[in-house]
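We're numbering straight along the sequence, starting at 1.
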Amino acid sequence: MKPLVIVGTAAVVVALVAGIAWREAPQALAAQKTKADQMPVFQFDPSWPKIPLPNNWALGTVTGVDVDEHEHVWIIHRPHTLLHNYEDGLEHNPPTALCCRMAPPVLEFDQAGNLLRSWGGPGEGFQWPQHAPADMHAPANSSVASWNGEHTIYVDYQEHVWVGNNAGTGATATS
């Protein structure tokens, strides 16, 4: 009789464990799904990128960020969004302040925030997103009729850097 009692007890224990697992499984799966479906949470790091940037550069409104396969962080910003006469003193002739000048629109940083290289802007040998002539930094002879400045950046698997603008046209460059 003892083997029958042991088998019976084991069967009851297995049934209880299976029942509990069956009851808890949907909640566990839902918790896993919720965790997997959550957007990542980012935290502002005031020490990134490392400053000062070279050449007394200042960043305008950052409109795009991408990370390439080397884990370098690429940003695109709108240099012409610096406040005229307040944040661009070195752009004037003669300079009106000891700081700053517009950084090139495209900047590449390593993970630690060190600037690796920068480029971009009109006159670089490819079509570049333009800005409105009403902008204080627009060339005096600009004929651009509407806002369509730098908007987004993407680095593809072949390390081509794609720059988009608000008007639907863009530029590309090979890094």
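Closest non-hydrogen pair, T152 versus I76, comes out as C-CG2, 3.8 Å. Between P95 and L90, the shortest heavy-atom distance links the atoms CB-CD2, 4.0 Å. Between P49 and G113, the shortest heavy-atom contact is CB-O, 3.6 Å.
Linking ILVMFWY side-chain heavy atoms closer than 4.5 Å, directly or via other members, places V161 and I75 in two distinct hydrophobic clusters. The hydrophobic cluster containing W74 does not contain V62, counting ILVMFWY residues as joined when their side-chain heavy atoms lie under 4.5 angstrom apart, directly or transitively. The hydrophobic cluster containing W119 also contains V155, counting ILVMFWY residues as joined when their side-chain heavy atoms lie under 4.5 angstrom apart, directly or transitively. L107 is connected to V67 through a chain of hydrophobic side-chain contacts under 4.5 Å among Ile, Leu, Val, Met, Phe, Trp and Tyr, so both are in one cluster.
Side-chain atoms of W57 and S118, non-hydrogen and from C-beta on, do get closer than 4.5 Å to each other. Side-chain contact between I153 and V65 is absent, with no heavy-atom pair separated by less than 4.5 Å.
For the atom pair CG (N56) and CG (D88), the distance works out to 12.5 Å, reported to the nearest 0.5 Å. Here the CD-CG distance, from E87 to L59, works out to 10.5 Å after rounding to the nearest 0.5 Å. The CZ atom of F109 sits 12.0 Å away from the NE2 atom of H72 when rounded to the nearest 0.5 Å. Taking CD of E108 as the start and CG of D110 as the end, the distance is 9.0 Å to the nearest 0.5 Å. To the nearest 0.5 Å, atoms CG (L115) and NZ (K50) are separated by 11.5 Å. From Q111, atom CD reaches atom CH2 of W48 across 9.5 Å, with rounding to the nearest 0.5 Å.
Formation of a donor-acceptor pair under 3.5 Å by the R78 side chain with backbone atoms of E150 is found in this model. Judged by distance alone, with hydrogens and angles left aside, the side-chain atoms of H77 form a donor-acceptor pair with the main-chain N or O of G60 at under 3.5 Å. Under a 3.5 Å cut-off, the side chain of H80 and the backbone N or O of M102 do not form any donor-acceptor pair.
Within 6.0 Å of CD1 on I51 lie no more than 12 heavy atoms contributed by other residues, nucleotides or ligands.
Using modelled atom types, one finds a donor on one side chain and an acceptor on the other under 3.5 Å when comparing E159 with H70.
Residues forming a side-chain contact (heavy atoms from CB on, under 4.5 Å) with T61 (at least two apart in sequence, or on another chain): T63, T81.
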